[in-house]
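Order of listing sets the numbers, starting from 1, for every ligand and every atom in it. Residue numbers start at 1 and run along the sequence shown. Fair warning: this is a prediction, and the values are worked out from it, not measured in the lab.
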Amino acid sequence: MAAAGSGHENWSSRSAFILAAVGSAVGLGNMWRFPAEAGENGGGAFVLFYIFCVLLIGLPVLLSEVLIGRHGQASAPDSVRKVARDSNASGGWSIIGSLGVFAAFLILSFYCVVGGWVLYYVGVFVSDLFQTGLTGGAFDGRAAEDIEGLLPGLFGNGGLMVGLNLGFLAVTMFFVARGVSSGIEWVAVYLMPIFFLLFLGITIYGAFTGNFSEAVSYLFTFDFSKLTGEVMLAAVGQAFFSLSLGVAGMITYGSYANRDTNLGQTSGIIAGADTGVALLAGLAIFPIVFAAGLSASAGPGLMFQSLPIAFQAMPFGSLIGLAFFVMVFFAALTSSVSLLEAPVAFLKDKVRISRAMATILVGAGAALLGVLASLSFNDMAEFYPLSFIPLFAEANFFDALDGVTAKLFMPIGAILTCIFVGWIADARLIDDENGLDGALHQTWRALVRYVCPIALFLILLAGIFPETAAIVMEGIAARFSRFG
Ligand code: PHE
């Protein structure tokens with residue numbers, strides 16, 4: 001449905017907006033990236049700093065983004081420009097939107113690679129179901145190393161990787177081409193509820209069968225000495241990635257929201273659901289990792305390698321495994337759709353081409369980068385495109401796309417958004433849009449104006465110059481221990 005006279009599309013209801021935005025937020029970032037990052041960054045310190053980032057930085061930035069979109073009622077750069085114009089500020093601030101659109105495109109290209117792995121595991125469990133039957137555990141009689149070997153096996157097959165990657169991208173393109181209310185909204189409204197049901201079932205199962213207490217202490221024991229500059233930047237990057245921030249996605253989704261949607265409340269629901277799913281995913285995956293004696297720092301392989309081993313030991317294991325990967329597929333699809341939508345909305349507005357044409361153009365670009373990202377697990381494994389930047393020295397093409405977007409584009413986009421909303425935009429316009437009153441409004445305003453930009457700037461510096469950060473952190477720790 002188009003908003004009166006503007007030709008800009010709209011969600012058909014407030015709950016459709018919430019489901020679509022939660023759908024964008026909840027995805028591979030929660031189920032795959034969060035456990036991988038938590039494990040690689042030492043557990044508790046990362047997790048608690050991540051929660052801190054969600055509350056004090058992510059949530060205020062999320063509200064700022066949907067607010068810009070709702071006021072602008074246009075693609076991300078044009079929405080920012082409209083807020084700027086209505087505040088008598090320079091239209092140049094639209095750079096926030098343009099940078100975001102570009103970052104969304106980069107993320108889309110590697111996101112669909114991982115989406116392809118998910119499709120592969122759906123296939124693995126379908127064929128396993130035929131072999132072992134409905135009631136048995138998965139992978140009848142196969143050794144754990146065999147099951148763990150499935151992922152490296154896939155990595156070794158460049159052709160299959162590329163095919164699956166393009167397959168996942170094609171499904172994403174199909175729904176985006178159908179438009180906001182009949183495509184994007186449809187996916188969210190039907191798939192997100194199924195996702196939540198399946199997810200709850202599997203988490204409860206995991207909690208009762210794995211090594212739950214070790215997982216809890218691993219994820220929630222705070223060790224200050226482990227909180228390095230790199231860990232902090234990784235945590236803030238994960239918070240942004242998971243909340244879909246700093247990349248124009250939430251500005252775009254906000255632009256389809258109606259005037260009567262309370263944005264403050266909606267942002268709270270999105271952040272709460274997203275963080276809840278991430279923590280539960282951690283609590284579902286790590287008990288199994290520890291029970292099976294696997295390494296917590298296995299990184300990207302964690303979800304794909306540890307869970308299938310657990311499914312082997314479960315009654316109905318193949319069925320549960322299949323349900324799990326279908327569920328991850330749904331969650332990933334509702335996110336990839338939002339990643340594609342941001343650049344498509346931009347192109348459609350800017351060049352005045354049809355939605356279908358814009359989808360094809362952006363999709364073609366993402367396919368090209370995606371092929372290179374897929375090949376970085378095999379033929380191009382030794383190619384380090386950003387080796388001249390110490391932070392990304394050992395990153396292959398895939399890792400470079402992930403690292404640059406989460407650790408640079410997202411925090412920088414968020415700093416600019418905070419400065420824009422907190423200092424540049426007309427305060428009356430902002431007050432009118434945000435749906436907050438009283439103390440909550442004051443708190444949000446202080447966070448956006450002072451806390452978020454300063455904290456983000458410091459975290460960014462600490463991540464880029466970890467040695468200096470370490471000296472400062474040691475100083476702080478020494479001061480605290482003197483009091484303690
Ligand atoms: N938040 C999504 C996830 O966790 C990924 C995403 C990032 C989607 C940025 C849109 C924009 O999987």
Among all residues two or more places apart in sequence or in another chain, which pass the side-chain contact (heavy atoms from CB on, under 4.5 Å) test with Q265?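 By the side-chain contact (heavy atoms from CB on, under 4.5 Å) rule, Q265 matches R14, N262.
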
Could you label the plane-to-plane angle of the W93 and F420 rings as parallel, tilted or perpendicular, counting under 30° as parallel and over 60° as perpendicular?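 W93 vs F420 ring planes: tilted.
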
ring-ring contact (aromatic ring centres under 6.0 Å, His included) partners of Y190, counting only residues at least two apart: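 So Y190 forms a ring-ring contact (aromatic ring centres under 6.0 Å, His included) with W186.
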
Could you list the residues that satisfy ring-ring contact (aromatic ring centres under 6.0 Å, His included) with F195, not counting sequence neighbours?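 Testing F195 for ring-ring contact (aromatic ring centres under 6.0 Å, His included), a comparison that skips the adjacent residues, returns F199.
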
Less than 4.0 Å between a side-chain N and a carboxylate O, is that true for E341 and K348?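 Not counted as a salt bridge, because no side-chain N and carboxylate O are separated by less than 4.0 Å.
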
R259/E433 salt bridge by N-O under 4.0 Å criterion: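 Answer for the salt bridge query: yes.
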
Sub-4.0 Å heavy-atom environment of ligand 1, residues by chain: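 Within the 4.0 Å shell of ligand 1, which is judged on heavy atoms, sit S24, A25, G27, L28, G29, N30, Y111, F241, S242, S244, V247, S335, S338, L339, M410.
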
